[in-house]
Amino acid sequence: MDNFYITTAIDYVNGSPHLGHAYEKVLTDVIARIRRMMGDRVHFLTGVDEHGQKVQQSARKRGIAPQQFCDEVSAEFRAMLTKLNVSNDDFIRTTEERHKRVVRDILQRLFDKGEIYKAEYQGYYSTRQEQFLQEKDRNPDGTWPEIFGDVMEITETNYFFKLRQYQDWLVQFLTENENFVFPKFRQKQVLEFLKEPLNDLCISRPKERLEWGIPLPFDENFVTYVWFDALVNYVSAVADQPGVWPANWHVIGKDILVPPHAVYWPIMLQAAGLPLPKGIIAHGWWSFKGAKMSKSTGNVIAPAAFVDEFGADALRYFFLREMSVGQDSDFTDLQFKARYNADLANNLGNLLNRTLNMSNRFTAGVVPAAGADGEPETELRALWEQTRAEVPQLWNGFQFHLALERTIAFVTATNAYIEKRAPWKLGKSANPADQALLGTSLATMAEALRLAAALLRPFIPDSVAKIHAALGHTPSADWAQECAWGGCLQGAKLAPSLVLFPRIQSEEKPPAKP
RNA sequence: UGCAGGGUGGAGCAGUCUGGUAGCUCGUCAGGCUCAUAACCUGAAGGUCCUUGGUUCAAAUCCAAGCCCUGCACCCA
């Protein structure tokens, strides 16, 4: 049994969760569920990033303590996970003691090794915004924008991490591990970035400017800033569980790949003498009706509303079916409904319902024994063998959109199979040959449904549980065995009719014809 | 300007890495079925796969150049 450790990015608690956060968690969850199903010992970590200036400011604005602010927003993120049926094994918050301890340990270790040094930094500082400014913040005429107020050039002392001396090592590492970042074009982008010399990384902020952080163990007048806090969560969360680190995959958004996850993080680990993760998955972004989704534009969809209306599985299915991992996609109500109706309601849901109905009508709701295969059965079985071989390979390559297309194609083929056999006709015939054929077709329908469910389980776990219940089936712990076409449903008592995914009625009137 | 992604039947997308009948959903048209969630099944119409040039027996797919669209470049999954 292999260990499999997978993480999501930890979300910054400065705002409420939105569709993009939801996607990342679901994507990671699907991978985690697949590995569990395959028999791995999975550890799935997610969490929140709670330190930093913005949190401090937001809390102050509301007149509450930063910790209380974090408690509230973190609760929202946790609620989202529950709502989406995300099967994380742990949830880390960077304000937790277990995290702070490890961050300080690592910082101390690097400091002792001479990987961290103190230096002066000179720059333009806006007291009003409490931040250093970049040259690009200037107006074209060289003045500073009004919002910054008085800008002065100041000198500040800070601690720096010797990033640069690991640059060549990292380039070599990435060259030797060409699949470190998925998708591949992202890895190229990292190497592109590394063609320019790296600057050493400023890892501290003086306490006068930022209180809400982890104090440096070797200088309590400073707190550590952003990356040495946030990235370390992947290690700190499992510090007391030997054998879990290194992670197999860090699942993150494309925006935080370069430089944090693909440059800082490997170098930090290497410098600290810790093993590197095996890979990074950088997913794309959802737009909404063609427009980018962002906190600042307010163009944000609350995932909770969708879940309340259509169920977690509907959203999970859409996420994975519609987006090619690594690419961007557009989310529209229309597309969501089209997918939902076509794949889940009309195809899968309807297959279940007609199977249950006919079995109840013709064989008292008990799955009969299948007779010898005729041509329709042989054909469907052949498609199944092909599908069960193909789909896991697509899973391994994170080609979930294709995997689901193939899976649903098998469901479509099952619906077509039913048309060929027309059990509703056979059921009305007293002819023993027809009755035998009726048994075969009902058994085959139920079996095909059970098998499709085996491929859908990581994606729509609740619905698959309902399918299993309706089929009177307890899935095998051995997934390969669960995928074997056989007679294990024979004699099972089926539920009465069941509408798994109620069809979404279109509110729009059909367009007038020209 | 820099970096990245994309341009495929009426709409939205997949396929491009690993060249060889262009696939899916919606829509349209015709037919079938009536077990089922106005569902399902079958068939049809509809495509210069952005352009040009190259490699090849063969290019949506590889190479080169160009055109157009989008995102990022402050915060953001």
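Below, each value reflects all heavy atoms present in this structure, side chains not excepted, and no hydrogens, waters or symmetry copies. Chain letters run A, B, ... following the sequence lines, proteins first, then strands; residues in each count from 1.
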Whole angstroms only, please: what is the [atom1]-[atom2] distance between [X] and [N]?
X	N	atom1	atom2	answer
A:Ile408	B:rC26	CD1	C1'	16 Å
A:Glu322	B:rU25	CD	C1'	8 Å
A:Leu257	B:rA77	CG	C1'	13 Å
A:Lys425	B:rC40	NZ	C1'	14 Å
A:Arg186	B:rG5	CZ	P	7 Å
A:Glu192	B:rG5	CD	C1'	15 Å
A:Asn353	B:rC35	CG	C1'	9 Å
A:Leu84	B:rA77	CG	C1'	13 Å

The single option from A:Asp343, A:Asn346, A:Asn347 passing side chain to side chain donor-acceptor pair (under 3.5 Å) against A:Thr412
A:Asn347
Gap in Å between the two [atom1] atoms, one belonging to [N] and one to [M], rounded:
N	M	atom1	value
B:rA22	B:rU8	C1'	8 Å
B:rC26	B:rC17	P	29 Å
B:rU42	B:rC69	P	42 Å
B:rC62	B:rA14	P	15 Å
B:rC35	B:rC40	C1'	10 Å
B:rC68	B:rC76	C1'	28 Å
B:rU61	B:rU55	C1'	14 Å
B:rG9	B:rG23	P	14 Å

When you compare the side chains of [X] and [Y], does any donor N or O come within less than 3.5 Å of an acceptor on the partner?
X	Y	value
A:Glu156	A:Asn158	yes
A:Asp229	A:Thr224	no
A:Glu322	A:Ser329	no
A:Glu50	A:Thr94	no
A:Asn14	A:Ser58	yes
A:Arg503	A:Asn350	no
A:Asp29	A:Ser87	yes

If you only use heavy atoms from C-beta on, which nucleotide in [options] is closest to the side chain of [X]?
X	options	answer
A:Trp424	B:rC33, B:rG15, B:rU37	B:rC33
A:Asn346	B:rA77, B:rA14, B:rU37	B:rU37
A:Glu24	B:rG15, B:rC24, B:rA77	B:rA77
A:Gln327	B:rG23, B:rG6, B:rC76	B:rG6
A:Asn350	B:rC35, B:rG15, B:rU37	B:rU37
A:Gln189	B:rA4, B:rU37, B:rC41	B:rA4
A:Trp285	B:rA77, B:rC24, B:rU34	B:rA77
A:Gln399	B:rU34, B:rG12, B:rG15	B:rG15
A:Arg339	B:rU37, B:rC24, B:rC41	B:rC24
A:Asp255	B:rC40, B:rA14, B:rA77	B:rA77

OP1 or OP2 of B:rC76 sitting under 4.0 Å from any side-chain N/O of A:His21?
no
Identify the nucleotide, in any strand shown, that forms a Watson-Crick or G-U wobble pair with [N], with both distances under 3.5 Å; if there is none, say none.
N	value
B:rC13	B:rG23
B:rA73	B:rU1
B:rU34	none
B:rA59	none
B:rG43	B:rC29

Determine the contact category for [X]: base if any of its heavy atoms lies under 4.0 Å from a base atom, sugar-phosphate if only primed atoms, P, OP1 or OP2 are that close, otherwise nothing.
X	result
A:Pro423	nothing
A:Ala416	sugar-phosphate
A:Lys188	nothing
A:Gly284	base
A:Leu356	nothing
A:Lys420	nothing
A:Arg321	sugar-phosphate

Which residue, A:Thr412 or A:His283, contacts RNA chain B at a nucleotide closer to its 5' end, judged by nearest heavy atom?
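Nearer the 5' end of the strand: A:Thr412.
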Would you kindly compare A:Ile256 and A:Phe501 by the position of their nearest RNA chain B nucleotide and give the one closer to the 5′ end?
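Whichever sits nearer the 5' end wins; that is A:Phe501.
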What's the separation between atom CD in A:Gln187 and atom CG in A:Asn179, rounded to the nearest 0.5 Å?
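Going from CD on A:Gln187 over to CG on A:Asn179, the span is 7.0 Å.
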Aromatic-base stack, A:Phe185 on B:rA4, cutoff 5.5 Å, angle under 30
no
